[in-house]
Structures are given as C-alpha cells and as structure tokens.
Amino acid sequence: MPEYSLPKTYDFESTEQRIYAWWSDNGYFKPTNDPNQPGFDPTRKPYVISIPPPNVTGELHLGHAMFVSMEDLMIRYHRMKGVPTLWVPGTDHAGIATQLQIEKALAREGKTREQIRREEFLARTWAWKEKYGGIITQQIRRLGASCDWQRERFTLDDGLSVAVREAFVRLYEKGLIYRGPRLINWSPGLRTAVSDLEVEYSEEPGTLYYFKYMLAGSPGDFIPVATTRPETILGDTAVAVHPEDKRYQAYIGQNVIVPILGREISVIADEYVDREFGGGALKVTPGHDPNDYAIAQRHNLQMISILDEAARVNSNGGPYEGQDRFEARENLWADMRTAGLTIKEEPYTLNVPRSQRGGEIIEPMISTQWFVNIQPLADAALEAVRDGRIKIVPERFTKVYYNWLENIEDWCISRQLWWGHRIPVWYCADCGEMTVSRDDPTACSHCGGGNLEQDPDVLDTWFSSGLWPFSTLGWPEDTPDFQYFYPTTMMETGYDILFFWVARMIMSGLEFTGQIPFDTVYLHGLIRDEQGKKMSKSYGNVIDPLTVMEEMGTDALRFTLLVGSTPGNDMNLSLKKVEANRNFANKLWNVGRFVTNSISQAPASPQAEPDWTLADSWIWARLQNLVNDVERLFQNYQYGEAGRQIYDFFWGDFADWYIEIAKLQLSEGSDRAYYTASTITKVLDISLRLLHPFTPFVTEELWGHIKRACQDHDLNIYPDGDWPPALIVAPWPEPRSPEGWEDEKAADFSLVQDIVRAIRNLRAEKGVKPGRRIPAIFVSEQKSAVLSSQSRALAALAQLDLDQLTITGRLNTKPEGHIGLVIGPVEVYLPLSGLVDQREERARLEKDLAEIKAQVERLETLLGGAFAEKAPPAVVRKEQDKLATYLVTAEKLQLQLDALESS
RNA sequence: GGGCGGUUAGCUCAGCUGGUUAGAGCGUUGCGUUGACAUCGCAAAGGUCGUUGGUUCGAGUCCAAUACCGCCCACCA
C-alpha cells in the first residue's frame, strides 16, 4: 500500500472551499507591499485591477465567471512573478436594475413606491441590499477570485458618495454640468430619463400612414405627408419641404391646418427633407422627435409636448387628452379618415427605440434634466489613447472607441429614480437660486435663507461607476492607497461596456485625477450558447455557472472560459467542453498520484547524478520551450493559446510519453530511479505553477501533496528544500534561452516516437493482440547508437520482446517472414509470418514509396528553384535535411520492394 | 448609411511577427482489465483553410475585390 494514497478521482467538492479559505486565512490575497503596513517600499511598481463591480443584488452568470477567471489569471500570474498585486473587489448599486426589483416586490404587495414614499422605499432597498448583497460576492469567491476582500467597496458607500459629490461639484464649478430643458429619451414605464446608450433599436413591422395637410389659404389644396406615428400630428408645429422641390415651392411660407385640432402651422423649407420619401414633405414634431427638434431649432419653431410622464396625451392633445399614445394613434387616424384627410396606409419596417431595461418603447420628450458637457472630457480621453498612454487590447477596438468619442453627445445624468446618488443641488424657495454643495447645506448660498429643497433626482449609475478605479482607493482624499495603487494597471471587461463604462472611466479619471485610470484595457467577448445564440431565459439556453461548478468543478469551468476564448471574440460554450476540461483536471490529479507514489517509493541517499537519458533531455527541452512560449504569449495577452499549449504539453508530452518511459527508469532502481522521481516531480511542479492561474484549486491541492511527499522523503526540488509556503505564492517559472543541445535530442526522441507509432500502427492493423510481446530487428547505420540506448523504451512502448531485439547497422538479406517498416533512416522488421500477405505488403510499400517520392520530387523542385537563393539559409537547410532523409527512406523502401519481388 | 468580426475536419474552435505534409476537443470506427488515470490508453478515418485575383522563392497567415453569417454605431419621417 503506497504511503500516499490519493483518491483515484479528483474530488473538487471537498477541495475548493477548503483551499479558498486557506488562501484567505493566510492573507495571500493581500498585496505583499502595502502602503498601510510597515516595511512598505514605494518604489516597487504594483499591478492593480479594479473589478468590474457586479450589480449588488445580481446573481452570478457566465459573464461574471468570464471576467473573474480572466482577471484572477492576470492577478495570480503577477503575484507569482513577485509583483505586489491588488485586486479591488466591490459591487454596484445598479440604480435602475435594483429599483425595478424592489418595485416588482412592492407590486406583489399591491403597492407602488409613491404610496410608501421615498424614505420608506429607500429603507426597503437597503434592507434588500443587506439581505441579498452578499450573494454575488460569495459566488465570486467560489470562482476562486483572489481579491483583497478587506478593500471591498460598494458604490453607495460613504466614501464613494463623497467621491460622487466631489466629482459633480467640480464639474459644475467648471461649468461642465448644466441643467435645462432638452429633448431626451424618456422611459414611460420607469418614468425617468435615460441616456442615449440605454436605448436599443429593434426592427419591427409597422405602418406608414399617408395623409393630407390642408392648405389654410386655398381650400381643397393639400400637401401629402407620411408618418409612422400619427399621434405626433397633435404636436406638429410645421410642415417642411425641400427648398428646391418644385411641387411645393409655392407653398413655402403659407399655412396648413393641423388635422382635427385645427391649429395653423406654417410650411417651411429645409434641406433635411428627402424629396423621395413619402410625399416629399415632412411633418415637424419638435417635442417628440430628435430630427424635428433640430429643424425646430434652426427655424425657431414652437415646441409642443403632447405627452405626459406616462406617455398619455396631455391637454395639448385636444379631444385625445388622457389617452395612451397608441390608443390616441388609432383614434386620431380613425377621426382623420372620417374627415377625409387620410390617403393610404402601407406596411413599413420601423426601427423602434426600446429601453435597455424595461424593453418598452422609448419616447423622445422635452424635459428638464442635468447634463454633462462632454466634449472637453471626450477630447482628453481621445488623446490618452491616441498618444498611447492607454492601450486597448485587441487593438481594433481603439477605432470603435475613437468613433464613439468623436461623435459623442452631451450626457444626460439625471434619473427620476430614488435608488442612487442624489444630485447635490438644493433649490431655494425664497430666492429661487440653486446651491450646489459637497456637504448638505443649511442655508441658501445666495440669499442665506433656510428654505432649501434638494433636487429629487439621482445620478445615472454610470456616473459613479465612472469614478470606480480611484473612488475605491480613497479619492478624493489623498490616501496611501490612492497614492500607491493609482493609476491602476489593467481594466479587464467585456467589449459591450466599452462606452458605458470604460470610456467614462477614462474621461473621469483624466478630469478628476489628472491621470489615466489604467494603462491597459483588455476586452473579452460575450459568451453564447453552443450554436452561437445569445443566452437568455426566454430561449431556455442559459447555462448557470454555479451548476456547472457543482457538477464539474470550478477549475474545469475556468479553464474552459480561459482557453476557449480569444481576445475580443465571442465564444460559444458547451458543456462538452467543460467536461473535457474536467477530465483534464482529473488527468492532472492522476499524474499527481503517480508522482507522489513514485516519490514515496524512490530510493533515498542519492549518489552522483547519472547522465540524462534521451527522454530526460527531451522533456526538459520541451518544458523549457513551453515556459518560454507561455511567457511570450502572456506578454501578448494570448492567455487562451498559452493554456492550450500547457494542456498539450502536459497531456501529450509529459503524461503520454515521458511518464511511460519514467516507469521504466523508476524500475531500474538506485540513482536512476531517484533522479527520475526527481525529474517527474520537477516537471510536475513547473507544470502546476504554469497552470495555477488557470486552474488554481486542483493545482494548489496537488502541489500541497507533492510538497509533503517530497519533504517526508527528503527529495529536494527547490534549492535547500526551501519550498514556498503555497503554490499561489510560488515563483513563476523563469524563461531561459536554449543551450544548443536541444534540437538534436528533440530529433532523436521524435524518431523514437515515430518508430513506436509505426509499430503500434502495424500491430493494430494486423490485429496483433495488445500485450503480446514480439521480437524485432532494427536496422540503421546512422541511428544504431540511439536505437541501442533506447531499446528498453522502444520495447516497452511498442510492446516488443526485449530479449529478442536485434539492432544492427546493416542487413544483407531481408529476414524471412518479416514485415518491414521504414521510418526515416531506420528499418524495422517484425516477424509476423502468419500475417504476411505478399500483395498487401507490396501495396503498402508501394503506397509509402509513392508518397515519399512525391515529397522528394517536391523538395527537389523547391530546392532547385529561387527558394534556395532567396529563403533564409536556416529554412533552406531544414528542407535539405528533409530531402536527405526522404532519399534514404525511399532507397530503403525500394530495397524492401525488390526483396519482395525476388522472394 | 458607416465600421468591425467570422467563414479552417461531422460539430465547437485554435492556428499571434508569411517558412512549404494545417492542429485540438467532442463525435465516428476498430482494439484494449499494460498496478497514475475507463473522467483512461492505443490506432484509424475525416480538411482544394468561403470565392476570385494579387504580392512573394513561399500565403490558412499579407493586400484587393466578392459572397454569406453575426455584431456595433448612426437613425429618412
């Protein structure tokens, strides 16, 4: 019974929470260089990430799993490199989203927020937050997030609220915030303004209505006008035609009559009008259409609002007052038809603006709101990326970023909600002036009166999240954290919030701190279902990360997300992939079992280290190669590719080949066994270190077992037995340049692999029973030394009879009753007498020969052409070597064929 | 209307500065109780890298055009 008997299967359930608590208890998530602790060194540059704060009452979804995995990978990698790292966690109050949840809960009690009043509503929301606010952060912990939880923040914290007020007041004092009536996007269901970004457009079938605008001056005469929204006729203040449109030129300046209402409005000329569309004339509704609003400003037109907060027709709508906007549409149209004012209706595809949150149709309305004059901030934000102070990965998103900022409109920041940062503006009942203040004022700053009332509105959630990278570090106070950890290093998030969040953080960071908030933006893609469809509850294709973690382990999910994604590209997730990676975790585990057993069985007190075997050299070279590649890929943010390469190395090279050969070397006893145990331990150790940022739990757990086994058996793989206390803080493997011997060893080992594969292949083809050991004759002039040294390995891997192996430089006659194989410079003969079929053999040899000859021909042409002169010498030499090998192979194949003919 | 991404094996995808026989996982087929692992092993089948043209000694990789799929921005009522 081995001393270390690990279970056969990796048990993630019993591991993950224990390991997480252990890391946390040992303080590994905290920065190793902390400005609030003794021994702080301000010259060491930290690596800092601010977490994209999830909605405080949200539930974990795959988007969270994605960014947590990615950021945790970045953090763990840098931590292992010895860089002081800080990952600041926190949550967002998510104004609209949270308020909607509370309102829904209220609705179930048959209440509205207006009924219970603001104070009571906020109390309930806070209670809700207290109750559910911990769930999401708990779930993020389950993913293995190595955040410094002592620095956790919430956007409505006192400190962050101070930051929000500071930001608002500064902008106001600089004249970059203003209040006024403007056409904004109104959400009638939520009864609040929303920003342009919060409106989504969807193509939907609708109707284009044609009707008559009767001329006031000449009865019976009319201008035909088309609209998709007849109810807005009630708010028309002009009819516009193109100035050069001959049909209507005569009417310009005349009056037309608004249907049903009978108001007179004038016909104006504006180049915006498209003569081809509809009748060529445009009704102008400045109060409910952005383009019409612009026209109205050019022509100084009156602006009429016809809808109230709930999008019901108001008193400007005459007989339709009180009707819902869609109801009014039908009724007005019916009345117009009765009045003979309609022309026709035709089907038409509309682009309907809908609320990102509620999904209802957004109504453009004129409303008094607070705005940020964004242009100066946008210019600075553009400059920071243009001059390279901030780098966006993948690079193509910089163009998207530029395009948005170059065409940006002022930002409507006030929301008619209750849950959020209340606007720090007070209105004086005595003098009517505004007091804008960082602290709650007791008196009007203008008249000194005490009759102050605070603006009832709150700020857009993104206003506070825009301050996140520095508000979480203590800004506006100049705290030690802010001084040391700001600017942060990496902003990792989904490309879908590039505008909402990233751009605004850059604008705010530059404006308020005078510095960039982070130097790199890494954007990951969205996660879709197996077919590439968006996951949504209505499709029923949502994958719940918690279920996946429960069933297959956190590491399997993390590895799938990390390795399955390419920067900026969406990924399609299927459970099959997670399953494959659960199997990988299990593979790791079982290699670990093998290694711990080997350690505990290895002989003690080593003598001098024996020469490395070919396999030893090969695996070291491969591993070193891997370390270098991973480092390069990490530097280029190619995390997925790095993970894939580690996977391939671990399974395809280490487990499939080296471990199999190691079994032989271990059975040799004494020093060879000791050093082989040491080698597999070292290779595993480095593999675990490389994998740790991807799959932290299984690697940490396994590494702990390896460490204990080594310590108990005096096997030192770290100098002086100086083991790191935990894998999470173990040093990252150092890249090294090759020493020159690697290529030859790689070529020799690859020959061994090819021989083994060829023999296995033939055995399978001929139906030789697995396990049956057969004799073999190896013939090669150039490689007999390699073959001799590898006889045991060849015998074991290809199931040959070691006692009946012949290795020779040349053979005069082909052995009777053998099947011959040619692998490069090596011939192998296997005595499969009963299974030899002359015709089959000839066919096989001819096929191989034909292939080789084709290659020879190709290479001869290649090397005879301009390639030999123009290609780099190293590339040419490689091809020449190949040709030489092919020629030898061809020759040997030909000899075998000849032998077959003559027998 | 403008911009971006994708198109590689039956499916889902890698393939990063061009190097000459294009990879993985899953699936399929055949064999298998080799004391790490059946969440496994061995072997096999399977691809004119969307199309056309160009640059180059050399193109899945670079350039141009084009088709289809998807996304973002703008929003002609």
Side-chain angles (χ1 to χ4, degrees), chain A residues 2 6 8-10 201 208 225-229 232 240 272-274 276-278 281-285 289-292 348 350-351 353 394 396-397 399-400 403-404 407 495-496 498-499 525-526 528 530-532 552 556 560 563-574 576-577 579-598 632-633 636-638 640-641 644-645 647-648 652 655-656 659-660 663 757 760-765 767-771 773 796 799 851 854-855 858-859 862 865-872 874-876 878-879 882:
Chain A
L6 304 183
K8 241 176 150 176
T9 309
Y10 168 53
Y201 291 84
L208 188 58
V225 174
T227 180
T228 56
R229 305 177 54 204
T232 61
Y272 171 79
V273 179
D274 178 356
E276 308 298 315
F277 191 91
L282 171 70
K283 61 188 268 320
V284 182
T285 319
D289 183 281
N291 294 307
D292 294 3
Y348 190 75
L350 323 164
N351 227 349
R396 69 182 131 93
F397 283 103
K399 213 167 153 184
V400 181
N403 188 266
W404 187 70
N407 298 290
Y495 66 74
D496 54 327
L498 178 62
F499 306 144
L526 275 32
R528 300 167 178 282
E530 218 167 340
Q531 274 93 39
M552 308 206 235
T560 306
V563 162
S565 66
T566 321
N569 286 358
D570 294 353
M571 83 171 282
N572 297 352
L573 180 72
S574 77
K576 291 269 184 201
K577 289 186 192 171
E579 206 176 305
N581 290 321
R582 173 206 57 186
N583 295 353
F584 178 56
N586 194 54
K587 188 75 182 180
L588 272 174
W589 185 256
N590 274 291
V591 168
R593 281 181 79 205
F594 177 77
V595 171
T596 48
N597 284 340
S598 304
R632 197 193 74 240
L633 291 165
N636 293 320
Y637 312 100
Q638 311 259 352
E641 185 60 19
R644 241 168 268 130
Q645 294 208 12
Y647 178 105
D648 287 345
D656 286 351
I659 295 270
E660 290 309 313
K663 286 176 184 170
R757 284 197 194 100
R760 282 173 175 170
N761 185 348
L762 189 72
R763 292 177 60 117
E765 210 175 282
V768 180
K769 223 177 149 225
R773 301 198 162 262
Q799 308 223 53
E851 265 172 38
Q855 292 300 328
R858 189 180 60 79
L859 283 175
L862 180 67
F867 172 77
E869 297 158 29
K870 301 214 175 177
V875 177
V876 176
K878 210 173 119 198
E879 296 309 310
K882 260 192 227 167

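A, B, ... follow the sequence lines: proteins, then strands. Residue 1 opens every chain. These figures come from a predicted structure and were not determined experimentally. Heavy atoms only: backbone and side chains are in, while hydrogens, waters and symmetry mates are out.
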Tabulate protein N/O versus nucleotide N/O from nucleotides 59-62 of chain B, keeping only pairs under 3.5 Å, one per line.
none

> Expressed in whole Å, how much space separates the C1' atoms belonging to B:U52 and B:G46?
Replying inline: 27 Å
> Across the strands shown, which category fits A:Tyr647 at heavy-atom distances under 4.0 angstrom: base, sugar-phosphate, nothing?
Replying inline: sugar-phosphate
> Using atom P of each nucleotide, how far apart are B:C72 and B:A9 to the nearest Å?
Replying inline: 27 Å
> Counting only side-chain N and O atoms of A:Lys587, is one of them less than 4.0 Å from OP1 or OP2 of B:G41?
Replying inline: yes
> What residues, two or more places apart in sequence or in another chain, satisfy salt bridge (charged side-chain N to carboxylate O under 4.0 Å, His left out) together with A:Asp289?
Replying inline: none
> For A:Ser565 and A:Lys882, take the nucleotide of RNA chain B holding the closest heavy atom to each; which residue's nucleotide lies nearer the 5' end?
Replying inline: A:Ser565
> Does the side chain of A:Lys399 get closer than 4.0 angstrom to OP1 or OP2 of B:C4 through an N or O atom?
Replying inline: yes
> With sequence neighbours left out, what residues match A:Arg773 under salt bridge (charged side-chain N to carboxylate O under 4.0 Å, His left out)?
Replying inline: none
> CD/A:Glu641 to CG/A:Leu633 distance, rounded to the nearest 0.5 angstrom?
Replying inline: 6.0 Å
> Are the side chains of A:Tyr647 and A:Val563 in touch, meaning some heavy atoms are under 4.5 Å apart?
Replying inline: no
>> What's A:Pro353 touching, base or sugar-phosphate or nothing? Going by heavy atoms closer than 4.0 Å.
In response: nothing
> Charged N to carboxylate O under 4.0 angstrom, A:Lys576 versus A:Glu579?
Replying inline: no
> When all nucleic acid strands are considered with a 4.0 Å heavy-atom cut-off, which category describes A:Glu765: base, sugar-phosphate, or nothing?
Replying inline: nothing
>> Among residues at least two apart in sequence or on other chains, which ones pass side chain to side chain contact (heavy atoms under 4.5 Å, CB included) with A:Ala655?
In response: A:Lys587, A:Val591
> Considering residues at least two apart in sequence or located in another chain, which fulfil the salt bridge (charged side-chain N to carboxylate O under 4.0 Å, His left out) criterion with A:Arg528?
Replying inline: A:Asp570
> How does protein reach along nucleotides 63-77 of chain B, written 5' to 3' as B (base within reach of a heavy atom under 4.0 Å), S (only sugar-phosphate), or - (no contact)?
Replying inline: ----------S-BBB
>> Restricting to side chain to side chain contact (heavy atoms under 4.5 Å, CB included), what partner residues turn up for A:Ala226, sequence neighbours left out?
In response: A:Leu208, A:Tyr210
>> At less than 4.0 Å, is any side-chain N or O atom of A:Arg582 found next to OP1 or OP2 of B:U39? Yes or no.
In response: no
> When you compare B:C63 with B:G19, how far apart are their P atoms, in angstrom units rounded to a whole number?
Replying inline: 15 Å
>> Categorize A:Arg396 for me: base, sugar-phosphate, or nothing, with a 4.0 angstrom heavy-atom threshold over every strand shown.
In response: sugar-phosphate
> Hey, does A:Ala585 reach any base, or is it just sugar-phosphate, or nothing, if we go heavy atoms under 4.0 Å?
Replying inline: nothing
> Between B:G25 and B:A65, how far is it from one C1' atom to the other, in whole Å?
Replying inline: 36 Å
> When the P atoms of B:G18 and B:U34 are considered, how many whole Å apart are they?
Replying inline: 47 Å
>> How long is the straight-line distance from CG of A:Asn597 back to CG of A:Leu6, given to the nearest 0.5 Å?
In response: 7.0 Å
> Can you tell me how far CG of A:Asn291 sits from OG1 of A:Thr285, rounded to the nearest 0.5 angstrom?
Replying inline: 11.0 Å
> How close do A:Arg396 and A:Pro567 get, heavy atom to heavy atom, and via which atoms?
Replying inline: NH2-O, 3.7 Å
> Which letters describe nucleotides 26-35 of chain B, given B = protein heavy atom under 4.0 Å from base, S = only from sugar-phosphate, - = neither?
Replying inline: S----SS-B-
>> Whether A:Asn761 contacts B:A44 is assessed here as follows: a side-chain N or O lying under 4.0 Å from the phosphate OP1 or OP2. Is that the case?
In response: yes
>> Going by ring-ring contact (aromatic ring centres under 6.0 Å, His included), name the residues that satisfy it together with A:Tyr10, two or more places apart in sequence or in a different chain.
In response: A:Trp589
> Taking only residues two or more places apart in sequence, or in another chain, which ones meet A:Arg763 in a side chain to side chain contact (heavy atoms under 4.5 Å, CB included)?
Replying inline: A:Ile759, A:Val768, A:Arg772, A:Ile774, A:Gln799
> Who pairs with A:Arg632 by salt bridge (charged side-chain N to carboxylate O under 4.0 Å, His left out), at least two apart in sequence or on another chain?
Replying inline: A:Asp629
> Is any side-chain N or O of A:Lys8 under 3.5 Å from a base N or O of B:C37, one able to act as donor and the other as acceptor?
Replying inline: no
>> For the C1' atoms, the ones on B:U61 and on B:U56, what distance do you get once it is rounded to whole angstrom?
In response: 13 Å
> Reading RNA chain B 5' to 3', what string of ( ), [ ], | and . shows its pairs, if Watson-Crick and G-U wobble pairs count only when both distances fall under 3.5 Å?
Replying inline: (((((((..((((.....[...)))).(((((.......))))).....(((((..]....))))))))))))....
>> Suppose you measure atom P in B:G60 against the same atom in B:C49; what distance do you get, rounded to whole Å?
In response: 7 Å
>> Between B:U8 and B:A59, how far apart are the two C1' atoms, rounded to whole Å?
In response: 14 Å
> With sugar-phosphate meaning primed atoms plus P, OP1 and OP2, does A:Leu859 contact a base, only sugar-phosphate, or nothing at under 4.0 Å between heavy atoms?
Replying inline: nothing
>> Regarding A:Thr285, tell me which of base, sugar-phosphate or nothing describes its non-hydrogen contacts under 4.0 Å with the strands shown.
In response: nothing
>> Check this for me: does the side-chain of A:Arg632 come within 3.5 Å of the base of B:C16 through a donor and an acceptor?
In response: yes
